[in-house]
Colleague: 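I have a structure I would like to understand better, so I am pasting it below and will then ask my questions one at a time.
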Number of protein chains: 2
Amino acid sequence: MEEGTSKSPGHTPVTDPAYCQKWDPREDCEVRQILDRVADKWSLLVIALLDLRSLRFTELRREIDGISQRMLTVTLRQLERDGLVRRTVHPVVPPRVDYELTPLGATLHDTIEALVTWTEEHRQEIAAARDEYDRRAARTDELVDA
Amino acid sequence: MEEGTSKSPGHTPVTDPAYCQKWDPREDCEVRQILDRVADKWSLLVIALLDLRSLRFTELRREIDGISQRMLTVTLRQLERDGLVRRTVHPVVPPRVDYELTPLGATLHDTIEALVTWTEEHRQEIAAARDEYDRRAARTDELVDA
DNA sequence: CTGCATCCTTCCTGATACTG
DNA sequence: CAGTATCAGGAAGGATGCAG
């Protein structure tokens with residue numbers, strides 16, 4: 001019936017004022033939707049590259065190792081829709097399309113840059129933590145085998 | 001001028017010194033691997049919640065609307081492996097497992113917080129951009145229909 | 001309560017063909 | 001060049017059942 005552990009009285013909800021003011025817990029909340037977009041693997045790279053200079057479709061494709069044509073298209077469309085990237089079609093042959101950050105996109109880059117910087121500053125620590133974790137896991141597996 | 005059609009001479013590579021110092025273009029580069037982790041949809045939310053206070057598995061599951069049990073487990077294991085989250089098992093019945101940020105994880109939270117703040121500060125602009133984009137798209141579709 | 005194992009669905013890549 | 005459309009194969013994610 002009722003499990004004493006997750007009952008109301010002793011349970012301090014994280015969804016109290018201090019939390020609710022910052023996070024809407026609903027899955028479809030606006031902030032979560034935007035976070036899913038800007039914290040996206042490919043969006044991050046596209047924005048970082050476009051901050052250096054405006055780029056054409058093929059240039060982006062070439063620079064971002066591992067991205068498929070489909071995902072680059074999808075990512076650029078999303079970023080354009082969100083007003084972070086401007087798409088400019090030049091009426092020439094062969095067609096030329098330039099992508100560049102909007103002022104809004106540029107402000108996002110500052111934040112993304114911080115994330116990249118953090119990653120670069122702490123990658124040694126993370127690599128060490130991974131080694132440590134994997135070594136422990138290996139030892140545990142040995143015990144299980146025995 | 002010289003279209004260069006992405007040939008060698010006229011093509012200004014983004015992978016020049018200014019770029020290479022910051023980004024390793026290879027897909028499997030360490031920085032990209034870590035970014036994929038910390039810029040992950042669920043990782044972001046987990047770290048944001050654990051910054052408020054340490055939480056149990058079920059508490060996290062309840063707070064993060066839409067996450068599956070599997071993904072919460074996977075996300076926590078990855079964060080633990082990377083040294084961002086500490087997992088503490090209390091030898092009691094029923095089992096009790098607490099998750100908390102490590103000092104390293106706490107430093108990451110500062111950066112994530114900036115991303116969340118950016119999102120909150122600009123969500124109106126993004127919503128407006130989306131409306132604008134969707135209206136244009138709707139009008140274009142009309143023309144196509146006609 | 002915690003979380004692994006299994007099945008099943010959805011998404012993504014990669015290749016290829018075609019339009020403007 | 002800059003896409004859209006399609007299809008096969010694979011990986012990621014969701015739902016469920018069960019074990020410690």
Side-chain angles (χ1 to χ4, degrees), chain A residues 1-7 10-11 27-28 36-37 40-43 45-46 50 54-81 85-100 137 140-141 143-144, chain B residues 1-7 10-11 27-28 33 36-37 39-46 54-81 85-100 137 140-141 143-144:
Chain A
M1 309 308 154
E2 100 263 55
E3 331 95 36
T5 27
S6 61
K7 240 197 323 189
H11 165 238
E27 183 172 15
D28 62 342
D36 288 351
R37 176 70 29 83
D40 173 71
K41 172 181 182 171
W42 301 125
S43 297
L45 295 173
V46 168
L50 290 183
S54 75
L55 291 166
R56 301 175 59 174
F57 187 88
T58 309
E59 289 176 320
L60 282 166
R61 180 123 171 59
R62 188 173 339 109
E63 296 302 331
I64 304 178
D65 185 39
I67 196 171
S68 67
Q69 193 218 32
R70 176 182 147 72
M71 285 316 290
L72 179 55
T73 300
V74 170
T75 300
L76 286 170
R77 287 293 172 284
Q78 291 175 335
L79 293 175
E80 186 193 0
R81 178 169 181 260
V85 162
R86 174 162 41 244
R87 177 173 182 270
T88 309
V89 180
H90 297 95
V92 299
V93 290
R96 178 190 180 92
V97 180
D98 282 325
Y99 291 93
E100 62 186 327
T140 301
D141 287 347
L143 294 177
V144 172
Chain B
M1 38 192 321
E2 218 258 309
E3 180 63 9
T5 314
S6 68
K7 248 342 177 27
H11 167 237
E27 183 172 14
D28 62 343
Q33 278 185 34
D36 288 351
R37 177 69 31 83
D40 173 71
K41 174 180 180 172
W42 301 125
S43 296
L44 232 58
L45 296 172
V46 167
S54 75
L55 291 167
R56 300 177 59 177
F57 186 88
T58 308
E59 288 176 320
L60 282 167
R61 179 121 168 64
R62 187 178 25 232
E63 296 304 331
I64 304 178
D65 186 39
I67 196 171
S68 66
Q69 188 245 22
R70 178 183 148 73
M71 285 316 292
L72 180 54
T73 300
V74 170
T75 300
L76 286 170
R77 287 295 171 282
Q78 290 175 334
L79 292 175
E80 186 193 0
R81 177 168 182 261
V85 162
R86 174 164 37 247
R87 177 173 181 268
T88 309
V89 182
H90 300 280
V92 297
V93 290
R96 178 191 179 93
V97 180
D98 283 325
Y99 291 94
E100 62 186 325
T140 301
D141 286 348
L143 294 177
V144 172

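Letters A, B, ... mirror the listed sequences (proteins, then strands); counts begin at 1.
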Colleague: Set out, in order, the CA-CA distance, both residues' side-chain angles and the distance that settles side-chain contact (heavy atoms from CB on, under 4.5 Å) for A/Leu72 and A/Val46, then state yes or no.
Modeller: CA-CA 9 Å; A/Leu72 179 55; A/Val46 168; 4.2 Å; yes
Colleague: Separation of B/Leu76 atom CG from C/dG3 atom P, in whole Å?
Modeller: 8 Å
Colleague: Do you know which two heavy atoms are closest between A/Glu100 and A/Ser54, and how far apart they sit?
Modeller: CB-CB, 3.7 Å
Colleague: Can you sort out the partners of A/Ser68 under side chain to side chain contact (heavy atoms under 4.5 Å, CB included), two or more places apart, ordered by chain and number?
Modeller: A/Arg70, A/Met71
Colleague: At under 4.0 Å between heavy atoms, how does the protein contact nucleotides 6-17 of chain C? Give one character per nucleotide, 5' to 3', with B, S or -.
Modeller: ------SB----
Colleague: Starting at atom CD of B/Gln78, determine the distance to atom C1' of D/dG13, rounded to an integer number of angstrom.
Modeller: 12 Å
Colleague: OP1 or OP2 of D/dA2 sitting under 4.0 Å from any side-chain N/O of A/Thr58?
Modeller: yes
Colleague: Quick one: is A/Arg77 getting a side-chain N or O under 4.0 Å of the D/dG3 phosphate, OP1 or OP2?
Modeller: yes
Colleague: Which nucleotide, D/dC1, C/dG3, D/dG3, lies nearest any side-chain atom of A/Val97?
Modeller: D/dG3
Colleague: Who are the side chain to side chain donor-acceptor pair (under 3.5 Å) partners of A/Arg61, not counting sequence neighbours?
Modeller: none
Colleague: If every non-hydrogen atom of B/Tyr99 is compared with every non-hydrogen atom of B/Arg56, which pair is closest and at what distance?
Modeller: CD1-C, 4.5 Å
Colleague: Measure the distance from CD1 on B/Ile64 to C1' on D/dG14 and round it to the nearest whole Å.
Modeller: 16 Å
Colleague: Working note: A/Thr75 + A/Leu45, criterion side-chain contact (heavy atoms from CB on, under 4.5 Å); need CA distance, chi angles, decisive distance, verdict.
Modeller: CA-CA 10 Å; A/Thr75 300; A/Leu45 295 173; over 6 Å; no
Colleague: Please state how far atom CZ in A/Arg87 lies from atom P in D/dA2, giving the value in whole angstrom units.
Modeller: 10 Å
Colleague: Can you tell me how far C1' of D/dG3 sits from CG of A/Leu72, to the nearest Å?
Modeller: 11 Å
Colleague: Rounding to an integer number of Å, can you tell me how far B/Asp98 CG sits from C/dC1 P?
Modeller: 14 Å
Colleague: Is any side-chain N or O of A/Tyr99 closer than 4.0 Å to OP1 or OP2 of D/dC1?
Modeller: no
